[in-house]
Amino acid sequence: VQLQASGGGLVQSGGSLRLSCAASGRTFSTIVMGWFRQAPGAEREFVAAISQSGVTTYYSDSVKGRFTISRDNAKNTVYLQMNSLKPEDTAVYYCAATRGYMVFGGVSVARKEPMYDYWGQGTQVTVSS
């Protein structure tokens, strides 16, 4: 699976952006997809994840209520709609995918990087104050 993230950019505080991550391969509908981010000088952290069907989603507390993850299995694409952006959302955002079919029991599992085997190249999001 190859992942290509796009949609990053510069936005003012309170603004919105939508990130996209296009995946190659014919197994997209069987894999869990996630978004992580890494701010300068910080460790990479979990943002959101979505189950194969899109029915179940997981969010970090810092983005819950502001970000929405979704997927279109017909287009092999996962999205991250980011609203009410804050300067602390500034980071490189990475999409990630599991190797195969998995069922995450909750966000405590979904947030673990070792659960994901494939990573995109990252897209920069900068939020100005």
message = Please check: side-chain N/O of Asn73 versus main-chain N/O of Ser53, any donor-acceptor pairing under 3.5 Å?
response = no
query = Hey, any chance Tyr79 and Leu17 share a hydrophobic cluster, counting ILVMFWY side chains that come within less than 4.5 Å of each other, even indirectly?
reply = no
task = First locate atom CD1 of Ile69, then atom CD of Gln81, and finally report the distance between them rounded to the nearest 0.5 Å.
result = 12.0 Å
remark   = On a heavy-atom basis, the closest approach of Asn83 and Ser16 is OD1-OG, 2.9 Å
remark   = dist Leu19:CG -> Thr77:OG1 (nearest 0.5 Å) comes out at 12.5 Å
Verify same cluster id: Val127, Val47 (apolar side-chain graph, 4.5 Å) = yes
request  = Mind checking the CZ-NZ spacing from Phe46 to Lys112? Nearest 0.5 Å is all I need.
outcome  = 12.5 Å
Same cluster (ILVMFWY, side-chain, under 4.5 Å), Tyr116 and Val92 = yes
ask   = Within a radius of less than 6.0 Å around CD of Gln38, do more than 12 heavy atoms belonging to other residues, nucleotides or ligands occur?
value = yes
query = To the nearest 0.5 Å, how far apart are CH2 in Trp119 and SG in Cys21?
reply = 11.0 Å
message = Do Tyr59 and Val125 sit in one hydrophobic cluster, given that two such residues count as connected whenever their side-chain heavy atoms are within less than 4.5 Å of each other, even indirectly?
response = yes
Minimum-distance pair of heavy atoms, taken over all atoms of Arg37 and Tyr93 = NH1-OH, 3.0 Å
ask   = So if you build clusters from Ile, Leu, Val, Met, Phe, Trp, Tyr with side-chain heavy-atom gaps below 4.5 Å, do Met102 and Trp35 land together?
value = no
ask   = Does any non-hydrogen side-chain atom of Arg99 lie less than 4.5 Å from one of Tyr118?
value = yes
task = Verify side-chain contact (heavy atoms from CB on, under 4.5 Å) between Leu80 and Val63, making sure each step is shown before the conclusion.
result = CA-CA 11 Å; Leu80 185 68; Val63 307; over 6 Å; no
ask   = Do the ring planes of Tyr58 and Phe104 sit parallel (below 30°), tilted (30 to 60°) or perpendicular (above 60°)?
value = tilted
Side-chain (Gln124) to main-chain (Thr90) donor-acceptor, under 3.5 angstrom = no
query = When you look at Asp89 and Lys86, which way does the salt bridge (Lys or Arg N to Asp or Glu O under 4.0 Å) test go after all the steps?
reply = CA-CA 5 Å; Asp89 294 318; Lys86 305 174 181 180; over 6 Å; no
inquiry  = Taking Val32's backbone N and O only, do any of them form a donor-acceptor pair with Thr98's side chain (distance below 3.5 Å, no angle check)?
reply    = yes
query = Can the positive tip of Arg71 be found less than 6.0 Å from the middle of the six-membered ring of Phe28, inside 45° of the ring normal?
reply = yes
message = To check you understand the geometry: which heavy-atom pair defines the closest contact between Tyr94 and Gly120, and what is its length?
response = CD2-O, 3.5 Å
Distance-only donor-acceptor pairs under 3.5 Å for side chains of residues 6-14, two or more places apart:
none

Met33 CE to Thr57 OG1 distance, which is reported to the nearest 0.5 Å = 14.5 Å
query = With distance as the sole test, does Arg66 use its side chain to make a donor-acceptor pair with the main-chain N or O of Ser84 at under 3.5 Å?
reply = yes
